[in-house]
Amino acid sequence: MEILGVVHERQSNYPKALEYSEKSLKLYEELGNKTGMARNLGNIGIIYMRQFDYPKALEYYPKALEINEELGNKLGVAINLENIAALYLNLSQDSVNINPSELNEFVSINKDINLDNGIQYTKESISIFEEIGELNKRSNALKNLAKAYKQKGEFEKALDAHEEYVILKDSVFNQENTSKINALTTERDRIEAERAEEKAAIAKEEADSRRNRLQYLAIGAVVVFLGVILLLSGCMNMKEWMARALVFLSFIFLFEFILVIIDPWTDEYSEGIPLIKFGINMALALVIFPMHQYFEKRVSLKVV
């Protein structure tokens, strides 16, 4: 619900934003979650401020500030102070008119008092932003402080605040550029590492392919050699055990060579199921067996 409140506030749908933020606040109150309470109190204050209901906004900002001070949340405290300062500075503008009937204990109709309050709260937020090292928010607060001093007619203080703002803005710019450069460097290193891995994988794949081709050729050469000898065995006299060994080795090599060749297809077809692979191997063995028997009989005719 809290996120929905923020989304509707950014879309300027203030009634819905207020509805979800108040529901979220109530839920956090029931849970005793003070961090969530402070965050939603601040959000409700922002919603009222967007609608120029300054008295109502100043009912919620101090409550958020009080809880963040209790929690020791310095960033939250500084943001609350900055929001209160922005509200008072808006109230100090000649273009802003306050209906006396809408005034409460937090809002004065006196623009000078509002300007002084805005300056004071801005200085307090700057002090905390400086303490916690929040450069960007401190820079924005200094910019607002320079405008406030200029409006009050304290031009020397306005110039000092503006100069500090410019210096800090440059620091923020450099810091952001450094972060972007570091991010780009990291991304470049990642891409180069991926390319190196891809090249290594391709090189390994090519090396494996060359090795496999050489091994296939070697096995094939052995099978062909044994096949030639087997075919010529009918023209030679040899002992029975030699003949049987020749036939056995020839067909063992042939059988294993075929298994190696068809193994990728077998894996794909069987989807790795052992029983199917076993069936394919048995079918191959049954095809080769009659050939083995034929050559064994043929060679046995020439044994001595």
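Residue numbers start at 1 and run along the sequence shown.
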Just do the side chain to side chain contact (heavy atoms under 4.5 Å, CB included) check on Met37 and Asn33 with the steps written out, would you?
CA-CA 6 Å; Met37 289 167 58; Asn33 186 329; 5.6 Å; no

For Lys150, what residues pass the salt bridge (Lys or Arg N to Asp or Glu O under 4.0 Å) criterion, not counting sequence neighbours?
none

In one Ile/Leu/Val/Met/Phe/Trp/Tyr side-chain cluster, 4.5 Å: Ile67, Tyr61
no

Would the distance check show the side chain of Asn110 and the main-chain N or O of Ile113 forming a donor-acceptor pair, the cut-off being under 3.5 Å?
yes

Can you tell me if OH on Tyr121 sees more than 12 non-hydrogen neighbours from other groups inside 6.0 Å?
no

Identify the two heavy atoms, one from Ile128 and one from Leu81, that lie closest to each other, and give their separation to 0.1 Å.
CD1-CD1, 3.7 Å

Once salt bridge (Lys or Arg N to Asp or Glu O under 4.0 Å) is applied, do any residues pair with Glu82, and if so which ones, sequence neighbours excluded?
none

Flag side-chain contact, heavy atom, 4.5 Å: Tyr88 against Leu58
yes

Closest approach of Ala86 and Met49, non-hydrogen atoms and distance?
C-CE, 3.8 Å

Which atom pair, heavy atoms only, marks the closest approach of Ser21 to Asn43?
OG-CB, 4.4 Å

How far does CG of Asp53 sit from OH of Tyr14, to the nearest 0.5 angstrom?
12.5 Å

Does a donor on one side chain sit under 3.5 Å from an acceptor on the other, for Asn40 and Ser24?
yes

Counting only N and O atoms by type, is there a donor-acceptor contact under 3.5 Å from the side chain of Glu134 to the main-chain atoms of Glu130?
no

Can you tell me how the ring of His162 sits relative to the ring of Tyr165, calling it parallel under 30°, perpendicular over 60° and tilted otherwise?
tilted

Nearest heavy atoms of Gln151 and Gln93, plus distance in Å
OE1-NE2, 2.9 Å

Do Tyr28 and Arg39 come within less than 4.5 Å of each other through their side chains, counting heavy atoms only?
yes

Near Glu66 CD, under 6.0 Å, is it more than 12 heavy atoms from other residues, nucleotides or ligands?
no

Determine whether Leu135 and Val166 fall in the same hydrophobic cluster, where Ile, Leu, Val, Met, Phe, Trp and Tyr are linked whenever their side-chain heavy atoms lie under 4.5 Å apart.
yes

Which atom of Ala148 lies closest to which atom of Leu89, heavy atoms considered
CB-CD2, 3.6 Å

To the nearest 0.5 Å, atom CG of Leu142 lies from atom NZ of Lys169 at 12.5 Å

Between Glu164 and Arg138, is the closest basic N to carboxylate O distance under 4.0 Å?
yes

Same hydrophobic cluster for Leu71 and Tyr60, using side-chain heavy-atom links shorter than 4.5 Å among ILVMFWY?
yes

Given the rule in the salt bridge (Lys or Arg N to Asp or Glu O under 4.0 Å) test, do Lys26 and Glu29 qualify, once you have shown the distances and angles that lead to the verdict?
CA-CA 5 Å; Lys26 184 177 180 181; Glu29 287 174 342; over 6 Å; no

Which atom names give the shortest non-hydrogen contact between Ala38 and Asn68, and what distance separates them?
CB-OD1, 3.7 Å

Salt bridge (charged side-chain N to carboxylate O under 4.0 Å, His left out): pairs with one or both residues in residues 114-129, sequence neighbours excluded:
Asp116-Lys152

Atom CZ of Arg50 and atom CG of Leu18: how far apart are they, to the nearest 0.5 Å?
13.5 Å

Do any N or O atoms from the side chain of Ser125 and from the backbone of Thr122 form a donor-acceptor pair under 3.5 angstrom?
yes

Once you round to the nearest 0.5 Å, how far does CD1 of Ile47 lie from CD of Glu22?
8.0 Å

Glu30 atom CD, over 12 foreign heavy atoms within 6.0 Å:
yes

Ring centre gap for Phe155 and Tyr149 strictly below 6.0 Å
no

Same cluster or not: are Ile79 and Leu41 linked, directly or through other Ile, Leu, Val, Met, Phe, Trp or Tyr residues, by side-chain heavy atoms under 4.5 angstrom apart?
no

What I want to find out is whether Lys23 reaches Glu19 closely enough, with some N-O distance under 4.0 Å, to be called a salt bridge.
yes

So if you build clusters from Ile, Leu, Val, Met, Phe, Trp, Tyr with side-chain heavy-atom gaps below 4.5 Å, do Leu65 and Ile46 land together?
yes

Interatomic spacing from CG in Asn117 to CG in Asp112 - rounded to 0.5 Å:
11.0 Å

Got a second to check how far Leu115's CG is from Ser92's OG, nearest 0.5 Å?
4.5 Å

